[in-house]
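One structure is given below, encoded as structure tokens.
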Amino acid sequence: MTLLKAVRGTRDLLPPETELWDRVETTARRVFARYNFGEIRTPIFEDTSLFSRSVGEETDIVSKEMYTWEDRARAQSEKSQSLTLRPENTAGVVRAYIEHKLGESGLLQKLCYIGPQFRRERPQKGRYRQFWQIGAEVIGPPSAGSESPLRDAEVLEMLASFLDELGINGWTLVLNSVGSSTDRPKYIAALREALKDKAPQMCADCQRRAETNPLRVLDCKVPEDQPIIETLPKIADFLDDASKAHFAAVLAALDACGVRYEINPRLVRGLDYYTRTTFEFTHGGLGAQNALLGGGRYDGLSEMLGGPRAPGIGFAMGLDRLILTLQAAQAESAPTLADAFVAPLGESLNADALALARELRRKGLQIELGDGGFRLKKSFEIGNKLARNIVLLGEDEQRSGILTVKHFATGEQTKIPRAELAQALRNS
RNA sequence: GCGGCUAUAGUUCAGCGGCAGAACGCCUGACUGUGGCUCAGGAUGUCGUGGGUUCGAUCCCCACUAGCCGCCCCA
């Protein structure tokens, strides 16, 4: 019989790695809460058209990477429906914002999420078909300040604090403004025009990109092409005055709070809904997938989905990539040890050992319970791997109520009354 | 979706057209209520899957699957 395996691009997360995942998620919730974000949980699948209308019909994500199926009708009166596993979460959040009329509160909505996303790409390091994102959106009616550059700067400052607090060093914030929804098409047209002359002198990839996706030419890494790229039109020259002023205000606010950034006029993003501010936090050591997180402003998205005017800004970070970065940073993190290993000496003491373990666990201690069937030597060996201390429960200890405790690191062995045990272990 | 590299013990990896290997880890004992160090012994396995070539394939060939690197794209 062939063994079943996790399907391509999916994987099991096991201890002790899951401990790291938990730490990242806990840190995110704690940091985001300080900025008054609340958690939203949207469905893992949605109507297909939600994504084609927001992310964009022509994007790679929608045109070739989505898990889509026809959900068949169950009754004569029902129609079948095209459903899709979410490839990202912003569209779902904005759909919920519209559906529940969250804008009617007149307040800014600050919503964060943690969950799996799905894209059918070729798996690679830091790239999986089921991958995890932590993200957040700030969205609301313009009267609530949703359009203000202060929102952009506040979100970026929060992300910088989050990465610092997690202990990730060496990140770079890369910023750009892609202008309003009318600026961008004008720029792309100008770029195409310029590339008609220049592309033939460029690398093969660029010649192809000039046709398929001219913005991608800006991303070319071939050294010989760089002087040519310098001569191409720049998005900054196509921004209207309002977008220019908006971007300048974002930068000023970042300067004021000391968040360092690089401006990259070539930073382009693959989702159609982005307007004005776009950004990435990158990190070396991730190979080709060097973006830890990305995001931007999406001032027209709500309207694209039939909702009210609701400018917003948000981001998503690749949890899988954060974990990879953390693992590389701390190489081999020592597994956390339990407070004590409780070792009953003989099977007749098993029941009492469970009672003792319960007592200690209820006082908040992390306890690994051995087995009276183990020889003492084995209890010590296992205990030494799993816990900081070993607590012996033999006939003497049971009779006297005074337990034998040995601290593995120092080798020091002491006798401690049962009532004082929890405190002693906690301090060890 | 395209190109390249890879797949052998729990792990990291050697290996060879003819008996399946090392290190670490694991188990047992020296040591019946005391771990780490040491010593002696032991078990590791569909050699990724399916075909083909061959007297014989873990090894050579093909396909598939999976992982890694790059492209593309993105988080």
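Every chain is numbered from 1 and lettered A, B, ... according to where its sequence line falls, protein lines coming before strand lines.
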For a quick check of understanding: with a heavy-atom distance under 4.0 Å over all strands, which category does Gly126(A) fall into, base, sugar-phosphate or nothing?
base
Along RNA chain B (nearest heavy atom to each residue), the more 5'-positioned of Leu319(A) and Ala6(A):
Ala6(A)
I'd like the C1' distance from rG42(B) over to rG56(B), given in whole Å.
32 Å
Is Tyr128(A) touching bases, backbone alone, or none of the nucleic acid, heavy atoms closer than 4.0 Å?
base
May I ask which nucleotide in the shown strands pairs with rA63(B), Watson-Crick or G-U wobble, both distances under 3.5 Å?
rU49(B)
Counting only Watson-Crick pairs (N1-N3 plus N6-O4 or O6-N4) and G-U wobbles (N1-O2, O6-N3), all under 3.5 Å, who is the partner of rA57(B)?
none
In terms of side-chain heavy atoms, does Asp164(A) have a donor or acceptor partner in Ser161(A) at a distance below 3.5 Å?
no
Would you mind reading off the distance between Phe118(A) atom CZ and rA75(B) atom P, rounded to a whole angstrom?
16 Å
Short question: side chain of Arg426(A), backbone of Lys363(A) - any donor-acceptor pair under 3.5 Å?
yes
For nucleotides rG10(B) and rA43(B), find the distance between their P atoms and express it as a whole number of Å.
15 Å
Would Asp352(A) and Arg399(A) count as a salt bridge (charged side-chain N to carboxylate O under 4.0 Å, His left out) if you check the C-alpha gap in whole Å, the side-chain angles of each, and the deciding distance to 0.1 Å?
CA-CA 11 Å; Asp352(A) 198 31; Arg399(A) 236 188 335 269; over 6 Å; no
Determine the Euclidean distance between corresponding C1' atoms of rC60(B) and rC27(B); express it in Å to zero decimal places.
39 Å
When rounded to whole Å, the CG to P distance for the pair Leu163(A) and rA75(B) reads 16 Å
Choose from rC69(B), rA75(B), rG67(B) the nucleotide whose nearest atom is closest to any side-chain atom of Lys125(A).
rC69(B)
d(OH, Tyr273(A); C1', rA75(B)) in whole Å:
11 Å
Suppose we define a pair by two distances each less than 3.5 Å, Watson-Crick or G-U wobble; what does rG3(B) pair with here?
rC69(B)
Please report the closest heavy-atom contact between Asn350(A) and Gly372(A), naming both atoms and the distance.
OD1-N, 2.7 Å
Pick base, sugar-phosphate or nothing for Arg120(A), based on heavy-atom distances below 4.0 Å to the nucleic acid.
sugar-phosphate
Checking all strands, does Gly346(A) fall into the base, sugar-phosphate, or nothing category for heavy-atom contacts under 4.0 angstrom?
nothing
When the distance from CG of Asp320(A) to C1' of rG67(B) is rounded to whole Å, what number comes out?
16 Å
May I ask you to decide whether Lys64(A) forms a salt bridge with Glu121(A), counting only side-chain N to carboxylate O separations under 4.0 Å?
no
Could you tell me how far rG41(B) sits from rC24(B) if I compare only their P atoms? Round to whole Å.
15 Å
Here the distance between atom P of rA75(B) and atom CZ of Phe51(A), to the nearest Å, is 14 Å
Side-chain heavy-atom pair Gln109(A), Glu137(A) within 4.5 angstrom cut-off
no
Tell which nucleotide pairs with rU38(B), taking only Watson-Crick or G-U wobble pairs whose two distances are both under 3.5 angstrom.
rA30(B)
Using the P atom as the reference point in each nucleotide, state the distance between rC2(B) and rG15(B) in Å, no decimals.
32 Å
Whole-Å distance between rA75(B) P and Arg86(A) CZ?
15 Å
Gap in Å between the two C1' atoms, one belonging to rC55(B) and one to rA23(B), rounded:
37 Å
On the six-membered ring of Phe37(A), is Lys110(A) placed so that its NZ or CZ lies under 6.0 angstrom from the centre and within 45° of the ring axis?
yes
Rounded to whole angstrom, note down the P distance from rG67(B) over to rU8(B).
14 Å
Taking for Ala316(A) and for Thr10(A) the nucleotide of RNA chain B with the nearest heavy atom, the one nearer the 5' end belongs to Thr10(A)
Calculate the interatomic distance between Arg122(A) atom CZ and rG67(B) atom P; express it in whole Å.
10 Å
Does the structure show a Watson-Crick or G-U wobble partner for rG21(B), both distances under 3.5 Å? Name it, or say none.
rC13(B)
If I take atom CZ in residue Arg127(A) and atom P in nucleotide rC69(B), what distance separates them, rounded to the nearest angstrom?
10 Å
Taking NZ, NE, NH1 and NH2 as the nitrogens, is one of them in Glu381(A) or Lys377(A) under 4.0 Å from a carboxylate oxygen of the other?
yes
Quick one: is rG67(B) close enough that its OP1 or OP2 comes under 4.0 Å of any side-chain N or O from Arg8(A)?
yes
Determine the sole option in Thr48(A), Asp71(A), Asp47(A) for which the side chain to side chain donor-acceptor pair (under 3.5 Å) test with Gln81(A) is passed.
Asp47(A)
What distance, rounded to whole Å, do you find between the two P atoms, one in rG52(B) and one in rC68(B)?
32 Å
Contact string for nucleotides 24-37 of chain B, one letter per nucleotide 5' to 3', B = base within protein heavy-atom range under 4.0 Å, S = sugar-phosphate only, - = neither, reads --S--S---BBBB-
Taking O4'-C1'-N9-C4 for purines and O4'-C1'-N1-C2 for pyrimidines, is rC47(B) syn (within 90° of 0) or anti?
anti
